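This report concerns only the one structure given below.
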Amino acid sequence: SNPGNWHQILGKGSISGSTEDDNYQLFQMGNKLVFEWNDRVTNTHYQAITQNPVIGSEWNYVTASISGGAINIYNNGVRQDLVYNQGLDPRSSSLGGTPPAVGIRLKSNTNPVTIGKQNGPAGSEFYYRGDIGALSLYNRALTPAEIAQNYEGYRA
């Protein structure tokens, strides 16, 4: 839960002062995975947080997939249980197991996609500590079968 243990994997957002402008971010917070976004209509900040621990000393194959306004996060091919938070601090789960009623509505922005660090001022980059073996972005949600197939064919 210490911000020193937050490590950005992938994101399309920025921090300027105390303002966060996120299209999306995927990061590791301690032994949890967190997907974070700003709602494109209300600009409300949300997170979806995994409950099963991610073993930091082992390779993990992580997939986040959004379809129909809902997110699924997979670790090593297994869909993870999620809790949700509304607000800037992902250490809370203010919404519990209930996703935001509006669903996930990603906002457009011109921020660059960053890998292994957050787009922010010095001291708030949340550099990823470790190796990122490969990364793929798709313009559609993957099905559970496609995620399982990708995981089975993955070799670090």
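The structure presented is a predicted model; accordingly, all values stated were derived computationally and were not measured.
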Stepwise, does the ring-ring contact (aromatic ring centres under 6.0 Å, His included) test hold for Trp6 with Phe126? CA-CA 6 Å; Trp6 299 359; Phe126 299 117; 5.6 Å; yes
Heavy atoms only: give me the nearest Ser94-Gln86 pair and the separation to one decimal. OG-N, 3.1 Å
For Val34 and Pro90, the nearest pair of non-hydrogen atoms, with its separation, is CG1-CB, 4.3 Å
Under a 4.5 Å cut-off applied to non-hydrogen side-chain atoms, are Pro99 and Tyr46 in contact? no
Between Ala48 and Trp37 the two heavy atoms that sit nearest each other are N-CZ3, 3.8 Å
For Thr50, the side-chain contact (heavy atoms from CB on, under 4.5 Å) test, sequence neighbours excluded, returns Lys32, Leu33, Ile73, Gln80, Leu82
Tyr138, Leu26: one ILVMFWY side-chain cluster at the under-4.5 Å cut-off? no
Main-chain N/O of Thr143 paired with Glu146 side-chain donor or acceptor, under 3.5 Å: yes
Quick one: list whatever passes side-chain contact (heavy atoms from CB on, under 4.5 Å) with Ala148, sequence neighbours left out. none
Quick check for you: to the nearest 0.5 Å, what is the distance between Leu142 atom CG and Ser67 atom OG? 10.0 Å
Does Asp131 use its side chain to pair, donor to acceptor, with the backbone of Gly133 at less than 3.5 Å? no
Please examine the side chains of Ile115 and Ile132, heavy atoms only from C-beta on, and report whether any two atoms are closer than 4.5 Å. yes
Salt bridge (charged side-chain N to carboxylate O under 4.0 Å, His left out) partners of residues 44-62, not counting sequence neighbours, each pair once: none
If the condition is side-chain contact (heavy atoms from CB on, under 4.5 Å), which residues does Asn60 pass it with, not counting sequence neighbours? Val54, Val62, Asn75, Asn76
Common cluster, Leu88/Val102, ILVMFWY with side-chain heavy-atom separation under 4.5 Å: no
Check the pair Tyr24 / Ile71 against side chain to side chain contact (heavy atoms under 4.5 Å, CB included), numbers first and verdict last. CA-CA 12 Å; Tyr24 61 84; Ile71 184 162; over 6 Å; no
The side chain to side chain contact (heavy atoms under 4.5 Å, CB included) partner of His7 among Tyr127, Tyr128, Phe27 is Tyr128
Given side chains that start at C-beta, do those of Gln8 and Gln25 come closer than 4.5 Å, heavy atoms only? yes
List in chain and number order the residues that pass side-chain contact (heavy atoms from CB on, under 4.5 Å) with Asn23, two or more places apart in sequence or in another chain; answer none if no residue qualifies. Lys12, Leu106, Asn109
Quick check: do Tyr84 and Pro100 have side-chain heavy atoms less than 4.5 Å from each other? yes
For the OG1 atom of Thr63 and the CZ atom of Arg79, what is their distance to the nearest 0.5 Å? 13.5 Å
Grab the two heavy atoms, one from Pro144 and one from Tyr74, that are nearest each other, plus how far apart they are. CG-OH, 3.6 Å
Looking only at side-chain N and O atoms, does Asn85 offer a donor or acceptor that is under 3.5 Å from a partner on Gln47? yes
Heavy-atom side-chain proximity of Asn119 to Pro112 below 4.5 angstrom: yes
Here the gap from Ile147 atom CD1 to Ser65 atom OG, rounded to the nearest 0.5 Å, amounts to 4.5 Å
Considering non-hydrogen atoms only, spot the tightest contact between Ile104 and Ala70 and give its length. CD1-C, 4.3 Å
For Arg105, the salt bridge (Lys or Arg N to Asp or Glu O under 4.0 Å) test, sequence neighbours excluded, returns Asp39
If you look at every heavy atom in Thr114 and Lys117, which pair is closest and at what distance? OG1-O, 2.8 Å
Identified side chain to side chain contact (heavy atoms under 4.5 Å, CB included) partner of Phe35 from the options Ile66, Leu10, Ile49: Ile66
